[in-house]
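Everything numeric in this text was worked out from a predicted model, so none of it was measured.
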Amino acid sequence: MQIIDLVKEFCQRAGLGEIVFDPAQGARLTMNETTLAIEAMPDTILLTASLGPVPDGADVDLFRTLLIANFELAETGGASLALNATFDEIMVCRTILQADLPYEAFEREISIFVTIAEAWAPKLRRGSIRDDAPEGGSGLESDPDAVQIRA
């Protein structure tokens, strides 16, 4: 399916209403407390979401933790954590290969991405991103098929 068709069907199924998808600008969807940007790139779809501003007093430990989470995508479920220097905010980004992507795969990717954003954003809001998951991981390794999309 084409990205415009994927986004329209996703919004319809998730009860998000009609969405305008501009191929040059992409689209923005809000699910739960996460605003997700979807952009068409050559051969890929780019998903981005702000996790919030860099916390006051952020130090080396914050950025060290983000870099460790990015290493081999160990605690990001396939996404990357980054700093948007223009807006001084921490972002989560994920690239999806687009070639003939079936709707079900697109929906699963969106669901995983929102779960990742929702796992990291509260850590930033409370000013601590130390892993508070049970011993052995961030909790993002759970079965992605169990993730439910909530509009």
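- In this structure, CD on E109 lies 5.0 Å from CD1 on I112, to the nearest 0.5 angstrom.
- With sequence neighbours excluded, the residues forming a side chain to side chain contact (heavy atoms under 4.5 Å, CB included) with Q2 are I4, D5, listed by chain and number.
- M31 places a side-chain heavy atom less than 4.5 Å from the side chain of I110.
- Within the structure, salt bridge (charged side-chain N to carboxylate O under 4.0 Å, His left out) contacts touching residues 12-21 (residues at least two apart or in different chains) are E9-R13.
- T35 pairs by the side chain to side chain donor-acceptor pair (under 3.5 Å) definition with T30, not counting sequence neighbours.
- In this structure, A117 and P122 approach most closely via the heavy-atom pair O-CD, 4.4 Å.
- I90 has its side chain within reach of V54: a pair of non-hydrogen atoms, C-beta onward, lies under 4.5 Å apart.
- For A69, the side chain to side chain contact (heavy atoms under 4.5 Å, CB included) partners at least two apart in sequence or on another chain are E75, T76, L81, W120.
- Distance OG1/T34 to CG/N32: 6.0 Å, rounded to 0.5 Å.
- Remark: R108 CZ to I96 CD1 distance equals 11.0 Å, nearest 0.5 Å.
- Not one N or O on the side chain of S111 forms a donor-acceptor pair closer than 3.5 Å with the backbone of E107.
- Once rounded to the nearest 0.5 Å, the distance linking CZ of F63 with CG of N70 reads 12.0 Å.
- Applying the side chain to side chain donor-acceptor pair (under 3.5 Å) rule to E39 yields no partners; only residues at least two apart in sequence or on another chain are considered.
- Rounding to the nearest 0.5 angstrom, the gap separating the CG atom in D88 from the CG atom in L83 is 6.0 Å.
- L46 belongs to a hydrophobic cluster whose remaining members, ordered by chain and number, are M41; membership requires side-chain heavy atoms of ILVMFWY residues under 4.5 Å apart, directly or through intermediates.
- Residues T65 and K123 fail the side-chain proximity criterion, which asks for heavy atoms closer than 4.5 Å.
- Between F10 and F106, the ring planes are perpendicular. Angles over 60° get that label, and only those under 30° would be called parallel.
- Judged as a side chain to side chain donor-acceptor pair (under 3.5 Å), the pairs with a partner in residues 45-58 (not counting sequence neighbours) are, in order, S50-E89.
- We find the CD1-CD1 distance between I38 and I19 to be 7.5 Å, quoted to the nearest 0.5 Å.
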